[in-house]
Amino acid sequence: ANWSEVDTIAFKRVGDAPKADKPTEGKLAKFSKTPLDVLKNGKEYTHASGGKFRYPAGWKLTEGDGFLELTPPDPAEGERILILGDKAEGATDPASPEIVAYLDEQVKGSLPTMKRVGQVEKATAGSGKGTFLVWEGDVNSVSAQVRGYVTILKGYGIALVAAGPKTSVEKRDKQLREIFYTFGWGQGK
């Protein structure tokens, strides 16, 4: 066709228009429609860099040197819940074998009796990839557990880590997952 001499181009639809695909929803979109307790009644923390998350209203947040500590209203003896961050050195998948090996090394460096158990469970934190990991062992003759909820946001590995008596850490799993699902990035302070 020679289009150079055409004054007007008209298009006519043939047949019905295709139906638009329904957009897929991320974890936060799902929770915003049916808010979990953490999102509905919780508090929001925003780091100076822009990293942010929500946590239950009854929990206490303390800023330490290079970490944040969350304390539930009923902590068990020896239970700690920390949020840690480190440069991801170009890594983008928190479930990659290199990241999992690094996390194994970090846990064993602090608690040498811990061994990773179960499978690496993939998840979503905010709009990024995430993973859940579990380590178990005895610490001072007490059956202990470490749970790591890990994501990579804006070039940083961010981990929500719960450690303590196995029964205490296991009972917090649902709340910890809710907190983890809210990890994201926004405007810094």
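Heads up: numbering here begins at 1 and tracks the sequence. These values consider heavy atoms only, across backbone and side chains, with no hydrogens, waters or symmetry-generated copies.
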Problem set entry | Charged N-O contact under 4.0 Å between R177 and D173 | yes
For this session: Flag the pair E79 and R172 as a salt bridge only when some basic side-chain nitrogen lies within less than 4.0 angstrom of an acidic carboxylate oxygen.
Result: yes
What pair of heavy atoms forms the shortest contact from [X] to [Y], and how long is it?
X: I99; Y: A91; answer: CD1-CB, 3.7 Å
X: G58; Y: P73; answer: O-CD, 3.8 Å
X: A95; Y: V100; answer: O-CG2, 3.8 Å
X: G78; Y: P165; answer: C-CD, 4.3 Å

Any side-chain heavy atom of [X] sitting closer than 4.5 Å to one from [Y]?
X: I152; Y: D93; result: no
X: Y55; Y: E44; result: no
X: L68; Y: L82; result: no
X: R80; Y: F67; result: yes
X: L133; Y: E121; result: no
X: V117; Y: W135; result: no

Problem set entry | ring-ring contact (aromatic ring centres under 6.0 Å, His included) partners of Y149, counting only residues at least two apart | F132
Name every donor-acceptor pair, under 3.5 Å, that has one atom in a side chain of residues 138-145 and the other anywhere in the protein, sequence neighbours excluded.
from	atom 1	to	atom 2	distance (Å)
Q145	OE1	R147	NE	2.7
Q145	OE1	R147	NH2	3.4
Q145	NE2	E136	OE2	2.8

Single-linkage hydrophobic cluster [X]~[Y], side-chain heavy atoms < 4.5 angstrom:
X: L70; Y: L153; value: yes
X: L84; Y: I179; value: no
X: M114; Y: Y102; value: yes
X: V120; Y: Y181; value: no
X: V169; Y: V161; value: no

Exercise. Is the side chain of T124 donor-acceptor paired with the backbone N or O of K129 at a distance under 3.5 Å, no angle test?
Worked result: no
Exercise. Looking only at atom types and distance, does a side-chain atom of T182 sit under 3.5 Å from a main-chain N or O of R54, one as donor and one as acceptor?
Worked result: yes
Problem set entry | L176/L160 under side chain to side chain contact (heavy atoms under 4.5 Å, CB included): CA gap, chis, key distance, verdict | CA-CA 8 Å; L176 295 171; L160 171 60; 4.2 Å; yes
For this session: Decide side chain to side chain contact (heavy atoms under 4.5 Å, CB included) for Y45 and E63; before the verdict, give the C-alpha distance in whole Å, the side-chain angles of both, and the deciding distance to 0.1 Å.
Result: CA-CA 11 Å; Y45 172 84; E63 292 188 42; 3.6 Å; yes
Problem set entry | Reported OH-to-CG distance for the pair Y156 and D86, which is rounded to 0.5 angstrom | 9.0 Å
For this session: Could you please spell out the steps behind the side chain to side chain contact (heavy atoms under 4.5 Å, CB included) verdict for T71 and I81?
Result: CA-CA 7 Å; T71 306; I81 301 169; over 6 Å; no
For this session: Under the side chain to side chain contact (heavy atoms under 4.5 Å, CB included) rule, what do F53 and L61 come out as? Steps first, then yes or no, please.
Result: CA-CA 12 Å; F53 64 92; L61 183 130; 3.6 Å; yes
